[in-house]
Enquirer: 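Here it is, the structure in full.
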Protein chains: 2
Amino acid sequence: MKEPVPDVVIQRLPMYAHMLRALKEVGVESIGSRELGAVLRTTPAQIRKDLSYFGKFGKQGMGYNVGQLLDELTQVLGLGRPWPLALVGTGRLGRALIEHKGFVDDDFRMVAVFDKSPRRIGKKLGGLVIQDAAELEQIVKERGIAICIVAVPPGEAQRVIDAFVRAGVKAILNYAPIVARVPKSVQLRQITPLHSLQSMTYYLKSEYPTSGSAAKSRADGKTRGSGV
Amino acid sequence: MKEPVPDVVIQRLPMYAHMLRALKEVGVESIGSRELGAVLRTTPAQIRKDLSYFGKFGKQGMGYNVGQLLDELTQVLGLGRPWPLALVGTGRLGRALIEHKGFVDDDFRMVAVFDKSPRRIGKKLGGLVIQDAAELEQIVKERGIAICIVAVPPGEAQRVIDAFVRAGVKAILNYAPIVARVPKSVQLRQITPLHSLQSMTYYLKSEYPTSGSAAKSRADGKTRGSGV
DNA sequence: CCGTGTGAACCGCTTCACAGCG
DNA sequence: CGCTGTGAAGCGGTTCACACGG
């Protein structure tokens with residue numbers, strides 16, 4: 001209910017909104033923090049606390065009105081309008097992202113696609129003509145694009161990000177596995193599935209011991225099916 | 001450096017390893033926590049503390065040997081061996097994930113691909129024959145697959161995840177935007193780019209005020225170019 | 001001396017517990 | 001009475017600062 005809302009809270013909001021949308025569609029009109037917490041796998045306290053940063057949306061003894069709370073969160077997150085998006089990189093990843101329509105909904109609309117390869121420039125992709133990455137800065141400025149998606153090879157990612165920043169972009173979703181540098185005023189989210197895999201293995205290595213690797217041989221290492 | 005290593009620490013390790021690999025390739029043989037922190041955009045203290053959970057890898061006054069530290073982290077994370085991977089869902093997303101080779105490196109190898117659509121079963125994808133999702137449980141068990149990737153539509157994701165869990169899988173990378181349920185013994189990582197976008201907009205909405213949204217009409221809303 | 005390893009201080013998020021309102 | 005909203009306690013991770021080793 002004060003100014004500095006913790007970052008983690010903001011990042012949980014989309015999940016809340018997502019669930020509320022689902023509940024609304026199913027016809028649920030009202031829900032308590034206990035139930036919402038159960039379905040979201042968090043605690044009721046967490047939910048109440050999170051929401052309290054933005055106002056008082058519930059009625060004591062009654063819980064929250066699903067539709068109303070969804071509207072509030074939509075408002076808080078700045079959604080409910082079509083943010084224009086740009087994407088650079090139309091390799092497999094970029095094409096998949098566009099065609100998969102993972103983000104094209106009411107809140108986002110892809111309005112520009114770039115690539116630097118002459119082979120691709122001029123072709124159409126997802127209803128848009130692929131434009132020369134050299135014109136990125138100008139076009140992004142012209143169209144007032146605030147959010148962009150980077151799907152180029154690692155070696156080019158920082159260059160592309162710099163161009164976006166110069167163009168005034170304020171939020172970047174980066175799929176390239178690099179440690180990107182952006183001004184503090186620019187939001188950056190990293191999508192690096194390989195790192196997710198590499199951290200999960202930490203928890204697995206005891207159950208699935210090495211078959212040889214570092215040096216110490218291990219006769220069998222067949223711990224697998226056991227826990228199943 | 002005791003037993004319960006914080007989860008966040010584990011999740012930073014892949015980034016450290018990644019950077020060390022890059023440094024090694026460039027020929028850097030030794031690095032201090034200060035420099036490593038600078039390039040990774042963290043603090044030296046953080047790095048030293050993180051590493052201290054696993055042992056003493058540095059030499060005072062000298063910093064860390066890049067190659068050696070990389071080996072240690074590889075060991076800690078349980079990498080340096082080819083973990084077999086399975087993927088379900090060969091729609092645009094699934095195909096892109098496979099063909100993009102985002103995770104196929106020395107540490108991971110895709111060994112099975114599933115789909116439930118008869119149109120796709122039997123076709124080849126990334127050198128593998130797409131198999132009937134109905135056989136998922138059996139095949140995953142047979143091949144001792146511990147990690148899997150879910151790239152099916154939201155409505156099917158939980159079912160698929162349940163099947164994987166029954167098959168004994170211990171780590172799941174899920175691309176479907178759902179609140180997945182898994183036993184605590186199973187690692188789960190969620191890749192939900194849309195939520196990343198939806199949380200970034202929170203920080204943008206003040207700079208790019210609404211053009212209309214929730215109800216209140218707003219004559220123009222052309223605040224765009226200003227901040228650029 | 002320089003830089004690591006680390007206990008201790010610090011800070012921020014989470015959880016608790018209860019006052020207050022429907 | 002039930003459940004929200006919230007100050008305060010609890011807890012875990014980050015940062016500090018310094019002892020110690022090369």
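Order of the sequence lines fixes the chain letters, A, B, ..., with proteins taken first and strands second; residue numbering starts at 1 for each chain.
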Enquirer: Can you check whether B/Arg48 has a side-chain N or O nearer than 4.0 Å to OP1 or OP2 of C/dG3?
Expert: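 Answer is no, no contact under 4.0 Å.
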Enquirer: Nearest-Å distance, CD (A/Glu35) to P (D/dG2)?
Expert: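 Whole-Å distance recorded here is 14 Å.
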Enquirer: Do A/Tyr203 and B/Asp7 meet the criterion of a side-chain donor-acceptor pair at a distance under 3.5 Å?
Expert: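 Yes, B/Asp7 and A/Tyr203 have a side-chain donor paired with an acceptor closer than 3.5 Å.
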Enquirer: Counting only side-chain nitrogens and oxygens, does A/Lys59 get under 4.0 Å of the OP1 or OP2 atom of D/dG2?
Expert: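 So the side-chain polar atoms of A/Lys59 never come under 4.0 Å of the phosphate oxygens OP1 or OP2 of D/dG2.
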Enquirer: With nearest nucleotides of DNA chain C determined for B/Gly32 and A/Met62 from heavy-atom distances, which residue corresponds to the more 5′ nucleotide?
Expert: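 Comparing both residues, the 5'-ward one is B/Gly32.
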Enquirer: Provide, to the nearest angstrom, the distance between the NZ atom belonging to B/Lys56 and the C1' atom belonging to D/dC20.
Expert: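 Value for this atom pair: 9 Å.
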Enquirer: Between atom CD1 in B/Ile47 and atom P in D/dT15, what is the gap in whole Å?
Expert: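 Value for this atom pair: 11 Å.
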Enquirer: Can you tell me how far C1' of D/dG22 sits from OH of B/Tyr64, to the nearest Å?
Expert: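 About 14 Å, once rounded to whole Å.
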Enquirer: Taking only side-chain nitrogens and oxygens of B/Ser33, does any of them come within less than 4.0 Å of OP1 or OP2 of C/dG3?
Expert: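 No.
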Enquirer: Without swapping roles, check the side chain of A/Asp71 against the backbone of A/Thr74 for a donor-acceptor pair under 3.5 Å.
Expert: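 No.
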Enquirer: Measure the distance from CG on A/Asn65 to P on D/dT4 and round it to the nearest whole Å.
Expert: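 So the CG-P distance, A/Asn65 to D/dT4, works out to 13 Å.
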Enquirer: Just checking, is any N or O donor in the side chain of A/Gln187 or A/Arg189 under 3.5 Å from an acceptor N or O on the other one?
Expert: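 On atom types as modelled, these side chains qualify, holding a pair under 3.5 Å.
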Enquirer: Are the side chains of B/Leu40 and B/Tyr16 in touch, meaning some heavy atoms are under 4.5 Å apart?
Expert: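 Result yes, sub-4.5 Å side-chain heavy-atom pair found.
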Enquirer: Looking only at side-chain N and O atoms, does B/Tyr53 come under 4.0 Å of OP1 or OP2 in D/dG12?
Expert: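 The answer is no; no side-chain N or O of B/Tyr53 sits under 4.0 Å from OP1 or OP2.
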Enquirer: Whole Å only: how far is the CG atom of A/Leu69 from the P atom of D/dT4?
Expert: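 Taking CG of A/Leu69 and P of D/dT4, I get 11 Å after rounding.
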Enquirer: B/Gln60 side chain: which of D/dT6, D/dG21, D/dG2 is closest?
Expert: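 Looking only at side-chain atoms, B/Gln60 lies closest to D/dG21.
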Enquirer: Cut-off 3.5 Å, side chains only: do B/Arg12 and A/Ser199 have a donor facing an acceptor?
Expert: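 Distance-only check fails for B/Arg12 and A/Ser199.
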Enquirer: I need the CD-C1' distance between A/Gln46 and D/dG10, as an integer number of Å.
Expert: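 Atom CD in A/Gln46 sits about 15 Å away from atom C1' in D/dG10.
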Enquirer: Between B/Lys49 and B/Arg34, who's closer to the 5' end of DNA chain C by nearest nucleotide?
Expert: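 Upstream on the strand: B/Arg34.
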Enquirer: Compare the minimum distances between each of D/dG5, D/dG13, C/dT14 and the side chain of B/Pro6, then state the nucleotide with the smallest one.
Expert: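 Nearest listed nucleotide: D/dG13.
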